[in-house]
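Report on the following structure.
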There are 2 protein chains.
Amino acid sequence: MLSTSEENYLKALYKIAQVKGNPVSTNDLADELSTSAASVTDMIKKLFEKKLVDYQRYQGAVLTSEGGRLATELVRRHRLWECFLVEKLGYGWDEVHDLAEQLEHIKSVDLVDRLEEYLQFPRFDPHGDPIPDRHGKFTIRSQQLLCNLSQGDRAEVVGVALHDSQFLRFLGEMHLEIGCVLEVLEVFEYDSSMRIHIVPDTKTLISSILSKNIYVKKYS
Amino acid sequence: MLSTSEENYLKALYKIAQVKGNPVSTNDLADELSTSAASVTDMIKKLFEKKLVDYQRYQGAVLTSEGGRLATELVRRHRLWECFLVEKLGYGWDEVHDLAEQLEHIKSVDLVDRLEEYLQFPRFDPHGDPIPDRHGKFTIRSQQLLCNLSQGDRAEVVGVALHDSQFLRFLGEMHLEIGCVLEVLEVFEYDSSMRIHIVPDTKTLISSILSKNIYVKKYS
DNA sequence: AATTATATTTAGACTAGCCTAAATATTTAT
DNA sequence: ATAAATATTTAGGCTAGTCTAAATATAATT
Ligand SMILES: [Mn+2]
Ligand SMILES: [Mn+2]
Ligand SMILES: [Mn+2]
Ligand SMILES: [Mn+2]
């Protein structure tokens, strides 16, 4: 049985590998987990003993297939709990991360499977991230960053690249939420800002900080 | 902020005090928490430092009013999570204790209040135990043990005195569940067993081990 | 009242998970 | 190729929570 701390390391390894590739460096892990590099080295050695990562001194760590399976299970739990908190308890999408961070560590063989059924097998969480199924498989969706659209393109908002609550709250204020349909009215090359039409009735200017962190699915 | 372990000690203190009264002895706590008396002494000293228990060497421990408030809050969380697991996720009443034992420690100012609202403010948990409200108040119900009824008495099952899963599963098999209406057909003085009629269509003999651990509300 | 039994506390040790500071390996720049 | 900068590991230490064994206090028995 894994401790909460071990589980958090697996999840961090998984997340960093997705963004920066393998092997994952000690310092990147220390940053992600807000801990010291020395602590990371200790824990990586422990995960190596348990055969959840491959590791050689000074060469970084890579999840083994068992480590990857466990990390995916954690992601599944995290995202299903987020769905529950938003769908059933009425939390905002900017409020659920820290709670899910705790709930994902509840030990049970079937709790999350029952939760998934109760939620009617959602495939994406409140931030538009895909939810792995019981076997670790998740739906892949064609998507691109809003900043890569051109004038005249129409698209639907399907996800976000940042998850901090300030960013999410700001998107909420702008009425930019998952499922929104929008059209690019104009792109200003100078600062990469965009004028967009959020269907049906909002027209607004958004900075590139926003457009670089919103995933959309372009209508063909 | 309290650790999971500190919270479990507060809950144990509360539970033992209800059954055996104050002060609560070191050994009773060690039994309840399946730990050593030495560990209990250490923790009691820590709770004393935090002003959550009154304590004098060799004289046992008593929850302070703040300690009692926190213990009641824990009981509230435990029972509301049990309701959720049974009502929403379809668990049996014999399966939810250990999960609630973990879920009760999730840290959040309003999670359990939202859960309570979502469950429509249940006043009793799946075992018939009362759920404290946000202010720590809970509904008191007139109840007595089934073994104290006499021939001809009619009553409704409202709770159980034991919570281990074997006992609960056995009650389930006997079709004795919260809300059942029953009538005492005959009492056998020799071994205190009873013949009862479980409305509408079951007539059965139950041992005193059962009748001593089932709470009923007698119809007047 | 003295003795014995039981309950409780203290002493000392262990693990997990974290830390800082120092040592060492690797990478980058000159 | 050497030196400087950066990354990583090691060494040693801290706290929370647990343990066993030994010491001490309280309660029960004779
Ligand atoms: Mn977590
Ligand atoms: Mn999410
Ligand atoms: Mn607990
Ligand atoms: Mn209960």
Side-chain angles (χ1 to χ4, degrees), chain A residues 1-13 16-17 19-63 67 70-71 74 101-102 104-107, chain B residues 1-13 16-17 19-63 67 70-71 74 101-102 104-107:
Chain A
M1 179 107 334
L2 297 180
S3 69
T4 292
S5 197
E6 290 170 321
E7 290 187 339
N8 283 335
Y9 273 85
L10 292 180
K11 215 158 52 104
L13 277 158
I16 295 166
V19 177
K20 297 192 153 193
N22 280 316
V24 173
S25 77
T26 302
N27 273 355
D28 283 351
L29 274 169
D31 279 0
E32 172 69 23
L33 293 164
S34 305
T35 186
S36 70
S39 301
V40 172
T41 300
D42 285 350
M43 181 61 90
I44 289 294
K45 284 179 180 167
K46 208 168 97 183
L47 295 175
F48 176 73
E49 291 302 316
K50 294 191 173 186
K51 303 202 166 145
L52 300 176
V53 299
D54 290 327
Y55 169 69
Q56 279 180 281
R57 286 186 0 160
Y58 293 98
Q59 305 306 309
V62 179
L63 284 172
L70 290 168
L74 262 295
E101 204 60 43
Q102 298 180 62
E104 70 192 3
H105 303 292
I106 299 291
K107 264 71 182 175
Chain B
M1 180 109 330
L2 296 180
S3 70
T4 293
S5 197
E6 290 170 320
E7 289 187 339
N8 283 336
Y9 273 86
L10 291 180
K11 215 157 54 102
L13 277 158
I16 295 167
V19 177
K20 296 189 151 196
N22 279 317
V24 173
S25 78
T26 303
N27 273 354
D28 283 351
L29 274 169
D31 279 0
E32 173 70 23
L33 294 163
S34 304
T35 188
S36 70
S39 301
V40 171
T41 299
D42 285 351
M43 182 60 89
I44 289 295
K45 282 178 180 167
K46 209 169 96 185
L47 295 175
F48 176 72
E49 291 303 316
K50 294 191 173 187
K51 303 204 165 139
L52 300 175
V53 299
D54 289 328
Y55 169 69
Q56 279 179 282
R57 286 187 359 162
Y58 293 99
Q59 304 306 309
V62 180
L63 286 171
L70 290 167
L74 264 294
E101 204 60 43
Q102 296 180 64
E104 70 192 3
H105 302 292
I106 299 292
K107 264 71 183 176

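In the text below, chain A, chain B and the rest are named by the order of the sequence lines, each starting its count at 1.
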Quiz item: Can you list every pair that meets salt bridge (Lys or Arg N to Asp or Glu O under 4.0 Å) and has a residue in residues 19-35 of chain B, with sequence neighbours left out?
Solution: B:Lys15-B:Glu32, B:Lys20-B:Asp28
Exercise. Taking only the side-chain nitrogens and oxygens of B:Thr26, find out if one of them lies under 4.0 Å from OP1 or OP2 of C:dT9.
Key: yes
Quiz item: Does B:Ser5 put a side-chain nitrogen or oxygen below 4.0 Å from OP1 or OP2 of D:dT18?
Solution: yes
Please enumerate all protein N or O atoms sitting under 3.5 Å from an N or O of nucleotides 10-12 of chain D, with distances to 0.1 Å.
from   : atom 1 : to      : atom 2 : distance (Å)
D:dT10 : OP1    : A:Arg57 : NH1    : 2.9
D:dT10 : OP2    : A:Lys45 : NZ     : 2.2

Select one nucleotide: of [options], the one nearest the side-chain heavy atoms of [X].
X       : options                : result
B:Ser25 : D:dT18, C:dT8, C:dT26  : C:dT8
A:Met43 : D:dT26, C:dC18, D:dT18 : C:dC18
B:Asn27 : D:dT26, C:dC18, C:dT8  : C:dT8
A:Thr35 : C:dT8, C:dC19, D:dT18  : C:dC19
A:Tyr9  : C:dC18, D:dA25, D:dT8  : C:dC18

Quiz item: What nucleic acid atoms does A:Ser39 come within less than 4.0 Å of, heavy atoms only: base, sugar-phosphate, or nothing?
Solution: base
[X]: which residues meet the side-chain hydrogen bond (donor to acceptor under 3.5 Å, both in side chains) condition with it, sequence neighbours left out?
X       : answer
A:Gln59 : none
B:Lys45 : none
B:Thr26 : none

Practice problem: With sequence neighbours excluded, tell me which residues meet salt bridge (charged side-chain N to carboxylate O under 4.0 Å, His left out) with B:Lys50. | Solution: B:Glu6
Quiz item: Which heavy atom in A:Leu10 sits nearest to a heavy atom in A:Leu52, and how many Å separate them?
Solution: CD2-CB, 4.1 Å
